[in-house]
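Below is one structure; the comments refer to it alone.
Counting from 1, the numbers follow the sequence of the chain as shown.
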Amino acid sequence: PGLLAPLLRPHLGRPFPFASHPTRLSRSGRVGRLVVEEPPHPSPLLAPDWEMETKEVTLRGNWVTLEPLRLHHLRELYPDALEPGLFQFIAPGADGGLKQLRQWVEWRLEEQSKGAGLPFLQRDATTRKAFGCTAFFNISRRHSRLEIGHTLVAKSHRRTPANTEAKLLLLTHAFEDMRAVRVQFK
């Protein structure tokens, strides 16, 4: 207890920060003794049957609107998909073009049908022009985690507030609405 006591003392009577279940440190007994207690009110993050909610939604900001991606969006995205190197990070060896874009969108939609992804079309909030797409993917509803990525952004909107705001909208939705515990960028 000599080495751990200073580390554990601040957590007495509060949830232990690294526990995966409602573990608390108790004042009874020795300092640093872990005692499993029932939380005062049930937490959805700790309930064994709770799963993160993953439903389609449109996210709106000042610079960008994120709407659910559909196959009919191919016509809007196609001109930007011709840009050389656009697919190099999400589909190595791909040269772009309508066929590659269609395969990529179909793959994202297939992942969505399995509950493992939520793809979004990125649309300029002012002009309403589509300029790219992004997605939640590798969603684990049971473990309340997901990844953000598979992002394609047209040259016209790179280094603008639009993509930054898109990521902020995604993070806010993931943590506040979907109640994710872990979000990773890829």
Margin query: For a 4.5 angstrom cut-off between non-hydrogen side-chain atoms, does R145 reach V183?
Written below: no

Check: How close do P119 and A135 get, heavy atom to heavy atom, and via which atoms?
Finding: CA-CB, 3.8 Å

Checklist line | I139 side, atom CD1; M178 side, atom CE - distance, nearest 0.5 Å | finding: 4.5 Å

Check: Going through the checks in order, is the side chain to side chain contact (heavy atoms under 4.5 Å, CB included) test met by W63 and T160?
Finding: CA-CA 9 Å; W63 298 94; T160 69; over 6 Å; no

Check: What is the distance from atom NE2 of H73 to atom SG of C133, rounded to the nearest 0.5 Å?
Finding: 10.0 Å

Next item on the list: For the pair Q122 (side chain) and T134 (backbone), establish whether a donor and an acceptor sit closer than 3.5 Å, ignoring hydrogens and angles.
Entry: no

Check: When hydrophobic residues are tied together by side-chain contacts of less than 4.5 Å, even through go-betweens, does F137 share a cluster with V105?
Finding: no

Checklist line | Minimum-distance pair of heavy atoms, taken over all atoms of V57 and P68 | finding: O-CD, 3.7 Å

Next item on the list: Specify the closest pair of heavy atoms between A130 and L121, including all atoms of both residues, with the distance to one decimal.
Entry: CB-CD1, 3.9 Å

Checklist line | Heavy-atom side-chain contact between K129 and R123 under 4.5 Å | finding: no

Notebook entry, point to check: Side chain of S113, backbone of E110: donor and acceptor closer than 3.5 Å?
Noted result: yes

Next item on the list: Drop me the distance from L66's CG to L69's CG, to the nearest 0.5 angstrom.
Entry: 11.0 Å

Check: How long is the gap from CG on N138 to CD1 on I148, to the nearest 0.5 Å?
Finding: 12.0 Å

Checklist line | Residues H150, K186; criterion side chain to side chain contact (heavy atoms under 4.5 Å, CB included); working and verdict | finding: CA-CA 7 Å; H150 291 276; K186 276 207 174 167; over 6 Å; no

Checklist line | Non-hydrogen side-chain atoms of T151 and V153 separated by less than 4.5 Å | finding: yes

Next item on the list: Locate the shortest heavy-atom distance separating A125 from G61; write the atom from each residue and the value.
Entry: CB-O, 3.8 Å

Next item on the list: Find out whether S140 and L146 are in side-chain contact, i.e. whether some heavy atom of one side chain is under 4.5 Å from a heavy atom of the other.
Entry: no

Notebook entry, point to check: Are any non-hydrogen side-chain atoms of F120 and L170 less than 4.5 angstrom apart?
Noted result: yes

Margin query: With clusters defined by side-chain heavy atoms of hydrophobic residues (ILVMFWY) lying less than 4.5 Å apart, directly or transitively, does L168 cluster with L118?
Written below: no

Margin query: Can you tell whether the side chains of R70 and E76 come within less than 4.0 Å, N to carboxylate O?
Written below: no

Item checked: Heavy-atom check, side chain of E67 versus side chain of E56, under 4.5 Å -> no

Check: Taking the side chain as C-beta and beyond, is there a heavy-atom pair between R182 and S144 under 4.5 Å?
Finding: no

Notebook entry, point to check: Between R102 and L71, is there a donor-acceptor pair closer than 3.5 Å when you use the side chain of the first and the backbone of the second?
Noted result: no

Item checked: Pairwise side-chain contact, T54 with R141, heavy-atom cut-off 4.5 Å (strictly under) -> yes

Check: Any link between L74 and W104 through a network of hydrophobic side chains (Ile, Leu, Val, Met, Phe, Trp, Tyr) touching at under 4.5 Å?
Finding: yes

Item checked: SB check E111 K114 (cutoff 4.0 Å) -> yes

Next item on the list: Applying side-chain hydrogen bond (donor to acceptor under 3.5 Å, both in side chains), run through D124 and H157 and close with a yes or a no.
Entry: CA-CA 9 Å; D124 188 294; H157 283 75; 2.8 Å; yes

Next item on the list: Rounded to the nearest 0.5 Å, what's the gap from CG on L152 to CG on L101? Could you check?
Entry: 7.5 Å

Next item on the list: Group every Ile, Leu, Val, Met, Phe, Trp and Tyr by side-chain heavy-atom contacts under 4.5 Å, then state whether F131 and L59 land in the same group.
Entry: yes

Margin query: With rounding to the nearest 0.5 angstrom, report the CZ to OG1 distance, R159 to T164.
Written below: 11.0 Å

